[in-house]
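None of the values given here were measured: they were computed from a predicted structure.
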Amino acid sequence: MGISDLDGAGAAETVLLCASGKALAYTVDIDDYGQVREAVAAFEAAGPAELLANIAGWDRAANFLDSSVEFWDKVIRINLYGPLNVHHVVVRGMAERGFGRVVSVASDAARVGSSGESVYAACKAGIVAFTKTLARELARRGVTLNVVCPGPTDTPLFRSLAESTPGGQKLTEALARAIPLGRLGQPDDYPGLIAFLLSDDAAFITGQTISVSGGLTMHG
């Protein structure tokens with residue numbers, strides 16, 4: 001198992017949490033294609049990459065008309081170009097070998113929009129469309145690709161967005177009340193679904209987008 005993160009210390013901490021104790025940590029800026037390629041090559045020296053979870057993301061609350069081109073560029077490079085880089089490097093090998101499973105974490109902002117997250121939502125919607133397209137292109141080559149879309153989740157990123165938004169605390173409380181299950185998501189709400197989609201039990205599932213939002217968004 002390989003854990004890649006711009007925060008090298010965070011990646012190393014994640015390694016310690018892995019039950020197998022056999023994970024390797026890599027400090028990687030997924031915006032840098034060369035860094036991604038080097039990290040994947042180092043990981044695959046021990047064996048082929050057969051499973052891929054794309055989880056990286058970043059945003060800051062800003063109304064679109066108040067934002068700058070420089071801000072758009074940062075959001076797009078992390079949330080859209082970054083996953084494209086990782087797919088281009090990792091999925092190529094999967095297709096050549098005839099097996100691979102990929103799960104990307106997007107956001108329900110991609111499906112229903114989210115005030116103050118226009119460019120982020122656009123990137124995550126791009127990941128949904130990209131995944132569906134690649135799932136079609138690679139289905140006959142043994143590679144499945146799916147998307148998990150979290151709803152509002154109590155993470156450091158969410159808290160920073162709330163803190164930087166006027167009335168953010170009240171908005172957070174109102175949002176929790178609006179969720180049918182009565183709370184914000186927690187990081188522990190998602191690994192089970194990601195693991196399932198990477199498992200043999202999900203071998204006949206591809207090109208799907210699944211919301212995990214406590215019922216805030218319901219599709220079907």
Side-chain angles (χ1 to χ4, degrees), residues 4-6 28-33 35-36 52-91 102-138 145-168 171-172 174-175 178-179 184-185 187 189-190 193-194 197 206-214 216-220:
S4 298
D5 199 318
L6 183 60
V28 180
D29 182 353
I30 61 171
D31 178 28
D32 187 319
Y33 188 92
Q35 287 190 32
V36 172
L52 171 63
N54 290 295
I55 303 174
W58 179 84
D59 194 20
R60 176 171 52 81
N63 290 325
F64 179 70
L65 296 182
D66 298 325
S67 62
S68 67
V69 173
E70 292 75 19
F71 172 69
W72 306 346
D73 186 61
K74 181 174 181 178
V75 174
I76 292 168
R77 298 206 67 84
I78 294 172
N79 295 290
L80 184 57
Y81 267 97
L84 293 182
N85 288 338
V86 175
H87 277 81
H88 200 254
V89 174
V90 177
V91 176
V102 180
V103 177
S104 293
V105 175
S107 169
D108 262 357
R111 312 189 80 175
V112 298
S114 177
S115 297
E117 295 187 288
S118 54
V119 181
Y120 175 83
C123 292
K124 294 303 188 180
I127 292 300
V128 171
F130 171 73
T131 298
K132 291 179 179 180
T133 301
L134 209 58
R136 291 184 181 277
E137 292 181 359
L138 298 178
L145 302 97
N146 294 287
V147 179
V148 172
C149 280
T153 304
D154 186 16
T155 63
L157 175 60
F158 180 87
R159 289 193 291 273
S160 70
L161 289 172
E163 291 167 1
S164 64
T165 302
L171 179 62
T172 298
L175 189 56
I179 295 172
L184 296 176
D189 289 321
Y190 310 104
L193 178 57
I194 294 171
L197 291 171
T206 194
Q208 303 305 307
T209 303
I210 304 173
S211 292
V212 184
S213 63
L216 183 62
T217 53
M218 298 187 184
H219 295 267

Note to self: As a quick check of understanding, evaluate side chain to side chain contact (heavy atoms under 4.5 Å, CB included) for V69 and W72, giving each step before the final call.
What the structure shows: CA-CA 5 Å; V69 173; W72 306 346; 3.8 Å; yes
Margin query: What verdict does the side chain to side chain contact (heavy atoms under 4.5 Å, CB included) test give for T131 and L145, after you've listed the backbone C-alpha separation in whole Å, the side-chain angles of each residue and the deciding distance to 0.1 Å?
Written below: CA-CA 6 Å; T131 298; L145 302 97; 3.7 Å; yes
Notebook entry, point to check: For T209 and K132, what are the C-alpha separation, side-chain angles and deciding distance, and is it a side chain to side chain contact (heavy atoms under 4.5 Å, CB included)?
Noted result: CA-CA 9 Å; T209 303; K132 291 179 179 180; 3.8 Å; yes
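D31 pairs by the salt bridge (Lys or Arg N to Asp or Glu O under 4.0 Å) definition with R77, not counting sequence neighbours. For D154, the salt bridge (Lys or Arg N to Asp or Glu O under 4.0 Å) partners two or more places apart in sequence, or in a different chain, are R159.
Here the side chain of E137 pairs no donor or acceptor atom with the backbone of A135 at under 3.5 angstrom. No donor-acceptor pair under 3.5 Å is formed between the side chain of D66 and the backbone N or O of A62.
Atoms CG and OG, from D29 and S4 in turn, are 11.5 Å apart once rounded to the nearest 0.5 Å. To the nearest 0.5 angstrom, T153 atom OG1 is 2.5 Å from Y190 atom OH. We find the CD1-CG distance between I210 and D108 to be 11.5 Å, quoted to the nearest 0.5 Å. The CG atom of L134 sits 12.0 Å away from the CZ atom of R136 when rounded to the nearest 0.5 Å. Interatomic distance, L84 CG to N79 CG, rounded to the nearest 0.5 Å: 11.0 Å.
Closest approach of D59 and G116 over heavy atoms only: OD2-O, 4.5 Å. When all heavy atoms of N85 and I30 are compared, the pair lying nearest together is ND2-O, 2.8 Å.
By the 30° and 60° cut-offs, the orientation of the rings of F130 relative to H87 is perpendicular.
Between I179 and S213 there is no side-chain heavy-atom pair separated by less than 4.5 Å. The shortest side-chain heavy-atom distance between L6 and Q35 does not fall under the 4.5 Å cut-off.
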Tabulate below the donor-acceptor pairs under 3.5 Å that side-chain atoms of residues 118-129 make, not counting sequence neighbours, or state none.
from, atom 1, to, atom 2, distance (Å)
K124, NZ, V105, O, 3.3

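Side chain to side chain, S211 and R111 meet the donor-acceptor criterion of an N or O pair below 3.5 Å.
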